[in-house]
A.B. asks: 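Just passing along the structure, written as structure tokens.
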Amino acid sequence: SLMLAKAKEEWDQELIDKQSEKERYLSERVTPLHTSGLSLSQLQDLCRELHAKVEIVDEERYDIEAKCNHNTREIKDLKLKVLDLRGKFKRPPLRRVRVSADAMLRALLGSKHKVSMDLRANLKSVKKEDTEKERPVEVGDWRKNVEAMSGMEGRKKMFDAAKSPTGQ
């Protein structure tokens with residue numbers, strides 16, 4: 001809390017110093033205007049003179065702003081170039097390494113690894129006889145089926161077959 005209080009005091013003092021510096025600079029550069037007692041033509045001349053000064057300052061501000069924008073664009077381009085140059089490196093070709101489960105566990109766990117893992121022991125065995133029993137295969141003469149279904153008779157049979165289960 002003491003540091004915060006000290007920082008606040010210094011910040012307030014800095015603001016006061018900036019304000020006093022600004023007032024001193026403006027008093028040196030800008031002369032106070034005395035418009036009382038001037039005729040209309042003298043006021044118009046004064047306005048023209050002030051307008052010319054404003055134009056000059058505005059042109060300088062525009063030039064400085066253009067230079068600043070140009071510099072920021074150039075800085076962005078240079079940063080992109082640096083990133084591109086830093087990012088270009090050749091990756092070495094990676095080789096596939098085949099490691100057994102035991103060797104992998106030994107590498108990960110170190111000396112703690114004592115149990116041998118046999119991954120194939122946990123696999124489910126499928127017998128060939130079971131798969132053959134599951135799907136009965138009807139082998140017939142495909143030409144008879146095509147001849148029976150061809151023409152209007154075949155379509156009628158298909159229509160009757162489709163209609164009969166729903167009609168009952």
A.B. asks: With the threshold set at 4.0 Å, does a side-chain nitrogen-carboxylate oxygen contact exist between R61 and D58?
C.D. replies: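 Looking at R61 and D58, the cut-off is met.
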A.B. asks: Kindly compute the distance separating CD (E74) from CG (N71), expressed to the nearest 0.5 Å.
C.D. replies: 6.0 Å
A.B. asks: So which heavy atom on T72 is nearest to which on N69, and how close?
C.D. replies: OG1-O, 2.7 Å
A.B. asks: If I compare all heavy atoms of H34 with all of L38, which pair ends up nearest, and what's the gap?
C.D. replies: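 The pair with the smallest heavy-atom distance is O-CD1, 3.4 Å.
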A.B. asks: Taking ILVMFWY side chains as joined if any heavy atoms are under 4.5 angstrom apart, and letting links pass through other members, which residues group with I75?
C.D. replies: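 Besides I75, the cluster holds no residue at all.
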A.B. asks: Could you check whether any side-chain heavy atom of Q13 comes within less than 4.5 Å of a side-chain heavy atom of D17, counting everything from C-beta outward?
C.D. replies: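 Yes, side chains in contact.
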A.B. asks: Under a 4.0 Å N-O cut-off, is there an ion pair linking E21 with R24?
C.D. replies: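 R24 and E21: salt-bridged.
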A.B. asks: Can a donor-acceptor pair be found, under 3.5 Å and without considering hydrogens, that links the side chain of Q42 to the backbone of S39?
C.D. replies: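 Present.
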A.B. asks: In the hydrophobic cluster built from side-chain contacts under 4.5 Å, what are the other members alongside W11?
C.D. replies: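 Its cluster partners, ordered by chain and number, are L15.
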A.B. asks: In chain order, what residues pass the side chain to side chain donor-acceptor pair (under 3.5 Å) check against R98, with sequence neighbours excluded?
C.D. replies: none
A.B. asks: What distance separates H70 NE2 from R73 CZ, expressed to the nearest 0.5 Å?
C.D. replies: 7.0 Å
A.B. asks: Apply the side chain to side chain contact (heavy atoms under 4.5 Å, CB included) test between H51 and each candidate in E55, E49, R48; give the one that qualifies.
C.D. replies: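 Answer to the side chain to side chain contact (heavy atoms under 4.5 Å, CB included) test with H51 among E55, E49, R48: E55.
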A.B. asks: Measuring from atom NZ of K22 to atom CG of L26, what distance do you get when rounded to the nearest 0.5 angstrom?
C.D. replies: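 Rounded to the nearest 0.5 Å, the NZ-CG separation comes out at 6.5 Å.
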